[in-house]
Undergrad: 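A single structure is presented below for examination.
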Amino acid sequence: MGHKWWCRALVVSMAAFALVLGGCGSEDKVGTVDFGRIAQESTQAKQIAQDIQAKQAEIIARLSEAEQNQSAEEFAVTEQKARREMQIFQMGKKQQFEALVESQAALLAKDKKLSIIMHKDAVHYQGTDVTEDLLARLKAAADQSAAAQKESAADKQETPAKPAEQQAKNG
């Protein structure tokens with residue numbers, strides 16, 4: 001009985017070892033990214049930081065006014081709601097940025113035929129640093145978004161003139 005157990009253990013060990021060795025010979029490529037640089041240098045991260053600062057200023061202004069017009073108990077409730085609002089806003093912006101970076105990283109991995117992209121500090125051996133490529137993709141996405149916003153703003157400015165022109169033609 002003990003002999004069967006050792007045989008099974010040996011077979012399982014050999015199978016696991018074969019799987020490990022089989023993976024070692026593969027051509028898996030790992031991309032690395034310095035996410036600290038991405039957070040500091042990307043246009044989107046800078047915009048999010050500005051949005052957060054603007055939201056903080058807005059909330060502070062509201063709280064200053066509320067403090068003058070509310071009792072201490074009412075103000076405590078208002079302050080707590082404002083804190084919660086700010087946390088939700090920051091969390092939403094963080095998730096928005098993470099989703100953008102993740103989607104651009106996935107596209108980059110596909111284009112460069114990388115198996116995975118990881119934080120540079122998590123990789124203990126030489127991976128392919130794709131930080132610059134990811135920054136370039138984020139910049140391109142920001143430029144594309146800015147162009148779309150300008151086009152949308154131009155369309156909105158042109159739209160009110162058209163009904164007036166049509167009324168003049170029909171009138």
Side-chain angles (χ1 to χ4, degrees), residues 9-64 77-160:
L10 182 61
V11 169
V12 169
S13 302
M14 288 175 52
F17 187 69
L19 287 173
V20 169
L21 285 180
C24 290
S26 67
E27 294 286 326
D28 288 342
K29 291 173 63 179
V30 175
T32 61
V33 173
D34 182 349
F35 287 104
R37 275 192 62 204
I38 299 295
Q40 289 177 346
E41 297 178 22
S42 72
T43 305
Q44 294 88 341
K46 291 175 184 176
Q47 181 61 50
I48 286 172
Q50 289 175 353
D51 292 348
I52 289 172
Q53 287 176 345
K55 186 69 167 179
Q56 284 175 332
E58 172 199 325
I59 288 174
I60 289 170
R62 282 194 336 234
L63 286 174
S64 293
V77 171
T78 301
E79 188 176 31
Q80 187 177 26
K81 286 180 182 178
R83 239 187 248 122
R84 198 171 320 126
E85 178 185 349
M86 190 64 207
Q87 287 173 342
I88 291 168
F89 184 80
Q90 286 175 326
M91 198 167 38
K93 288 294 184 178
K94 180 183 176 199
Q95 289 172 345
Q96 176 187 356
F97 182 68
E98 287 173 350
L100 174 68
V101 170
E102 188 176 307
S103 68
Q104 292 300 317
L107 292 171
L108 180 62
K110 185 176 179 182
D111 290 349
K112 293 213 172 250
K113 296 179 177 43
L114 300 171
S115 301
I116 190 169
I117 293 181
M118 298 178 66
H119 193 290
K120 72 172 188 150
D121 294 336
V123 178
H124 299 292
Y125 58 92
Q126 186 65 31
T128 304
D129 187 0
V130 293
T131 304
E132 290 297 327
D133 298 318
L134 186 55
L135 281 168
R137 281 186 173 271
L138 290 170
K139 182 181 181 331
D143 293 346
Q144 191 176 33
S145 177
Q149 287 177 350
K150 284 180 185 177
E151 187 177 304
S152 176
D155 288 347
K156 286 180 182 178
Q157 288 177 351
E158 291 175 12
T159 303

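Every heavy atom of this structure was used, including side-chain atoms; hydrogens, water molecules and symmetry mates were not.
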Undergrad: Between Glu41 and Lys46, does at least one N-O distance fall below 4.0 Å, as a salt bridge requires?
TA: no
Undergrad: Say whether, by atom type as modelled, one donor and one acceptor occur between the side chain of Thr32 and the main chain of Met118 under 3.5 angstrom.
TA: no
Undergrad: Check Lys55 with Asp51, please: is the shortest side-chain N to carboxylate O separation under 4.0 Å?
TA: no
Undergrad: Hey, could you give me the CD1/CE distance between Ile59 and Met86, rounded to the nearest 0.5 Å?
TA: 5.5 Å
Undergrad: Checking Gln44 side chain against Leu138 main chain: does a donor-acceptor pair fall under 3.5 Å?
TA: yes
Undergrad: Search all heavy atoms of Ala39 against all heavy atoms of Ala45 and return the closest pair with its distance.
TA: O-CB, 3.0 Å
Undergrad: Are Met91 and Gln95 packed together at the side-chain level, in the sense that at least one heavy-atom pair is separated by less than 4.5 angstrom?
TA: yes
Undergrad: Contact between Ser42 and Leu135 at the side-chain level, heavy atoms closer than 4.5 Å - yes or no?
TA: yes
Undergrad: For the CD1 atom of Ile38 and the CD atom of Glu132, what is their distance to the nearest 0.5 Å?
TA: 8.0 Å
Undergrad: I'd like to check Asp133 versus Lys112 (side-chain heavy atoms, cut-off strictly below 4.5 Å). Are they in contact?
TA: yes
Undergrad: Do the non-hydrogen side-chain atoms of Thr131 and Phe35 ever get within less than 4.5 Å of each other?
TA: no
Undergrad: Give a yes or no on this: more than 12 heavy atoms of other residues, nucleotides or ligands lie within 6.0 Å of atom CD of Glu58.
TA: yes
Undergrad: Less than 4.0 angstrom from a charged side-chain N to a carboxylate O is my criterion; do Glu85 and Arg62 meet it?
TA: yes
Undergrad: Can you check whether Ala141's main-chain N or O pairs, donor with acceptor, with Ser145's side chain at less than 3.5 Å?
TA: no
Undergrad: Once you round to the nearest 0.5 Å, how far does CD1 of Ile117 lie from NZ of Lys29?
TA: 11.0 Å
Undergrad: Could you measure the distance from the CZ atom of Phe89 to the CD atom of Gln56? Nearest 0.5 Å is fine.
TA: 9.5 Å
Undergrad: Evaluate the side-chain proximity of Arg84 to Ile88: yes if any heavy-atom separation is below 4.5 Å, no if none is.
TA: yes
Undergrad: Answer yes or no: is there an ion pair linking Lys120 with Asp129, defined by an N-O contact shorter than 4.0 Å?
TA: no
Undergrad: How many angstroms lie between CZ in Arg37 and CG in Leu134, if you round to the nearest 0.5 Å?
TA: 10.5 Å
Undergrad: Hey, what do you get for NZ (Lys81) to CG (Leu63), rounding to the nearest 0.5 Å?
TA: 12.0 Å
Undergrad: Looking at Ser103 and Leu100, would you say the former's side chain and the latter's main chain have a donor-acceptor pair under 3.5 Å?
TA: yes
